[in-house]
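The sequence lines fix the lettering, A, B, ..., with proteins before strands; numbering per chain opens at 1.
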2 protein chains.
Amino acid sequence: MAAKATSIDIAYRAGVSQSTVSRALRNSPLVSPETRERIKAIARELNYKVDKNASNLRTQNSHTLALLLCEDPTNDDSLINPFFLSMLGSITRATARQGYDLLVSFQQLSEDWHADYEDSNKADGIILLGYGDYMDYEQKLEKLLAQNTHFVIWGAEHNNKSVLSIGCDNVQGGVIATEHLIGLGRKEFAFLGGASSHCPEFRDRYLGHCKALKAAGLVVDKRRQIDAISTEASGYEAAQQLLKKGMVFDALFAASDLIAIGAIRALKEQGIAVPEDVAVVGYDDIPVASFANPPLTTVKQNTQLAGEILVESLLRLILGKEVSTQLIPTSLVVRRSCGAGAA
Amino acid sequence: MAAKATSIDIAYRAGVSQSTVSRALRNSPLVSPETRERIKAIARELNYKVDKNASNLRTQNSHTLALLLCEDPTNDDSLINPFFLSMLGSITRATARQGYDLLVSFQQLSEDWHADYEDSNKADGIILLGYGDYMDYEQKLEKLLAQNTHFVIWGAEHNNKSVLSIGCDNVQGGVIATEHLIGLGRKEFAFLGGASSHCPEFRDRYLGHCKALKAAGLVVDKRRQIDAISTEASGYEAAQQLLKKGMVFDALFAASDLIAIGAIRALKEQGIAVPEDVAVVGYDDIPVASFANPPLTTVKQNTQLAGEILVESLLRLILGKEVSTQLIPTSLVVRRSCGAGAA
DNA sequence: CTGAAAGCGCTTACAG
DNA sequence: CTGAAAGCGCTTACAG
């Protein structure tokens, strides 16, 4: 394998200094167009690429962002939440579009994650992507702040206002899902998913849910809210609990699609028809949602936009520009599980 | 923000030379245990992290791998094949376990991808992950080879033997799916998915399918093979074509789960019961498979193992150790769509 | 066991 | 417009 070409090799062939090569390749106006083209031609020929380690060392920035996926350690069996996949896709694209590279890693594997990337100059900033429970990371976030690390987290607004967070408007999502069901004539609601602040996304969805109920003059019955985590099994169990308690309801709003799908299975087993007896709406619009039986009406998060805003905000933060916590609106995808006409 | 600490700052505080600091932090046996601990304590206190750009520049390797997702440009709407997500997860984990970082990018966005990472010393090697059709990349692969880039591709064995490929044994997958259906008494088979070498994974699944049929003394009817790409819509359409041609069959093997799900929809629309009239087996075991109606029997690829082997092989290649193209065995996940007893 | 020194390949003031 | 030179922060022979 021929040794990799350096700017000195090019300088030698072009008969100029190494500084000129560097300038030409960076399109500096200080170098004459002819010289620049000649140098570029030689660079192409030698398959030259600027050594990022050297240029990053010199300029003290890496043009790289790091994405940390903070997952529940429960589902480590290579089962990533499909919502994250979608986010990963849009973040990857947004990062590339901005001319940055993206390092990806999982939180579990690096005890020392809070410092790993930016402190070692491998990344200029960090995106934290996790579902819900950032409480566990509280201390680590503090440390990140203390170290002046540039980072942005996905999710609900954080208690600490200095933490920049970008997330979908979960309250609004809860509202539109509930309003839709109310509009279809439903009156007795159940909600599956955590309502504690330990799970801020779910809590906000529940808050939106309650807000819409109150606005419509409907009862909020705390007994019809059952905690659940975002798995099919948990949704199944939560719905069973609800039925075992003898609760009567004609509408069910689940804090995630997986919960909704598990709940539908439990309802069906008890001979309860969806949507005839109970209308169901989920949250996330994961790919499975459209294949559920009946196809699931759900609140969709705009992951495309979310990824772009995450990356853009982080970049602004890195550049010292003004940034602010943002909420991204959600939209309802109507399918059959809610009892509306749609296919 | 306090300037980042360097090894010189530590040396100053510890009253030793910078060389000694570097040695201590790298656990060199050349430095006395007491000195080492003292230096490490100071490093911790100052929140010091080795500057990767500097160390990589010096050692000329990056301890980073790059993952290039080569997707069909058709589904760029942040819709990544869930199979890739699973692979991404296991590759990320395997990479971290080996002490490497992982850069992720999508092929579409970087015209010049073949050279981007390794040539700029940002990565020591590249993993190419794509579904099927590497023909489009043929030239780029040649270039990678010519440049002596370290890379490994996911998928079927490549014509060019110098290309290191790791993939699941698609022929064997086709065999076990078909044998299972034969064991259930099915006799007339249809196959949905490309059979040309343009789509090597699908072709191999088809070859395995035919192999099993022949071994059982059953007919291989080319008219019952319809091309399809890995989408629900394509599967739906392919099944419709099959029916329109008046083909009779009691078993259907689809080259992917999405194709199978689309096909089931088409069959149902024609009043054909699955699995009673036609038993169906898919391929991939994507999350949707277990939620399909009926739940889909499918061939599962061991993504966990695959990710590990990809990473390990690439690392061996980088280190100049011996490596060889490998096939990973597949397994059948039996659900209801094939007509076997399982739930 | 430790230190002084070279050098990885760039970028960018500084001097013409 | 161009070149000579410094320096980014490390690692590692070399010399003790």
Side-chain angles (χ1 to χ4, degrees), chain A residues 2-40 42-43 46-64 101 115 117-124, chain B residues 2-40 42-43 46-64 115-124:
Chain A
K4 220 154 266 183
T6 70
S7 55
I8 294 194
D9 299 328
I10 298 180
Y12 178 78
R13 301 220 188 186
V16 295
S17 72
Q18 183 265 334
S19 336
T20 301
V21 170
S22 178
R23 288 195 191 96
L25 295 174
R26 300 174 57 73
N27 294 314
S28 160
L30 291 176
V31 63
S32 75
E34 308 85 67
T35 315
R36 185 194 313 150
E37 288 318 312
R38 187 155 47 89
I39 288 171
K40 285 198 170 180
I42 295 171
L46 296 184
N47 229 297
Y48 171 81
K49 286 284 169 334
V50 170
D51 185 306
K52 295 282 185 182
N53 290 133
S55 66
N56 291 342
L57 174 59
R58 182 55 231 251
T59 60
Q60 294 292 55
N61 72 11
S62 64
H63 267 255
T64 300
D101 287 322
Y117 290 123
E118 187 172 341
D119 285 358
S120 58
N121 279 342
K122 282 207 78 162
D124 298 332
Chain B
K4 221 154 263 183
T6 70
S7 55
I8 295 194
D9 300 327
I10 298 181
Y12 178 78
R13 300 220 185 185
V16 296
S17 73
Q18 184 266 334
S19 334
T20 301
V21 171
S22 178
R23 287 194 192 99
L25 296 173
R26 299 175 56 73
N27 294 316
S28 159
L30 290 176
V31 63
S32 75
E34 308 86 65
T35 316
R36 185 194 313 149
E37 289 317 313
R38 189 157 46 89
I39 289 170
K40 285 197 171 182
I42 296 170
L46 297 184
N47 229 299
Y48 171 81
K49 286 285 170 330
V50 170
D51 185 306
K52 295 282 186 183
N53 290 134
S55 67
N56 291 341
L57 172 59
R58 181 57 230 249
T59 60
Q60 294 292 56
N61 72 11
S62 64
H63 267 256
T64 299
D116 272 346
Y117 290 122
E118 188 171 341
D119 286 358
S120 59
N121 278 341
K122 283 207 75 160
D124 298 333

Check: In whole Å, what is the span from the CG atom of B:L25 to the P atom of D:dT12?
Finding: 13 Å

Next item on the list: Start with the C-alpha distance between A:R38 and A:V16, add both sets of side-chain angles, then the distance that settles side-chain contact (heavy atoms from CB on, under 4.5 Å), and finish with yes or no.
Entry: CA-CA 11 Å; A:R38 187 155 47 89; A:V16 295; 4.3 Å; yes

Next item on the list: Dot-bracket for DNA chain D, please, read 5' to 3', with Watson-Crick or G-U wobble pairs under 3.5 Å on both distances, ( ) within the strand, [ ] crossing, | other strand, . unpaired.
Entry: |||.||||||||.|||

Notebook entry, point to check: What's the CD-C1' distance between B:Q60 and C:dA6, to the nearest Å?
Noted result: 15 Å

Check: Excluding sequence neighbours, so at least two apart, what forms side chain to side chain donor-acceptor pair (under 3.5 Å) with B:S17?
Finding: B:T20

Margin query: I'd like the C1' distance from D:dT12 over to D:dG16, given in whole Å.
Written below: 16 Å

Check: When you measure from the side chain of A:S28 to the backbone N and O of A:A24, does any donor-acceptor pair fall under 3.5 Å?
Finding: no

Margin query: Test of understanding: with side chain to side chain donor-acceptor pair (under 3.5 Å), list the residues that count as partners of B:T35, not counting sequence neighbours.
Written below: B:S32

Notebook entry, point to check: Roughly how many Å is it from CG in B:N56 to C1' in D:dC8, rounded to a whole number?
Noted result: 14 Å

Note to self: Tell me the interatomic distance from B:L57, atom CG, to C:dC8, atom C1', rounded to whole angstroms.
What the structure shows: 4 Å

Next item on the list: Nearest whole angstrom, please: distance from the P of C:dT12 to the CZ of A:R26.
Entry: 5 Å

Notebook entry, point to check: Hey, is the main chain of B:T6 close enough, under 3.5 Å, to the side chain of B:D9 for a donor-acceptor pair?
Noted result: yes

Next item on the list: Measure across A:K122 and B:H63 and return the closest heavy-atom pair with its distance rounded to 0.1 Å.
Entry: NZ-O, 4.3 Å

Scan nucleotides 1-5 of chain C against the protein and return all N/O pairs shorter than 3.5 Å with their distances rounded to 0.1 Å.
residue	atom	partner	partner atom	Å
C:dT2	OP1	B:T35	OG1	3.2
C:dT2	OP2	B:S32	N	3.2
C:dG3	OP2	B:S17	N	2.9
C:dG3	OP2	B:S17	OG	3.1
C:dG3	OP2	B:T20	OG1	2.6
C:dG3	N7	B:R23	NH1	3.3
C:dG3	O6	B:R23	NH2	2.4
C:dA4	N7	B:S19	OG	3.2
C:dA4	N6	B:S19	OG	3.0

Next item on the list: Name all residues meeting the side-chain contact (heavy atoms from CB on, under 4.5 Å) criterion together with A:A43; count only those two or more places apart in sequence or in a different chain, and write none if there are none.
Entry: A:I10, A:L25, A:Y48

Item checked: Interatomic distance, B:D9 CG vs D:dC8 P [rounded to whole Å] -> 11 Å

Note to self: Categorize B:S55 for me: base, sugar-phosphate, or nothing, with a 4.0 angstrom heavy-atom threshold over every strand shown.
What the structure shows: sugar-phosphate

Notebook entry, point to check: For B:R13, what residues pass the side-chain contact (heavy atoms from CB on, under 4.5 Å) criterion, not counting sequence neighbours?
Noted result: B:I42, B:E45, B:L46

Check: For the pair made of NZ in B:K122 and P in C:dG9, what is the distance, rounded to whole Å?
Finding: 18 Å

Item checked: Sugar-phosphate, base or nothing in reach of A:T6, heavy atoms under 4.0 Å -> sugar-phosphate

Note to self: Donor-acceptor pair, distance only, cut-off 3.5 Å: does the side chain of A:S62 make one with the backbone of A:D124?
What the structure shows: yes

Next item on the list: Please check the phosphate of C:dC10 (OP1 and OP2 only) for any side-chain N or O of A:S7 closer than 4.0 Å.
Entry: yes

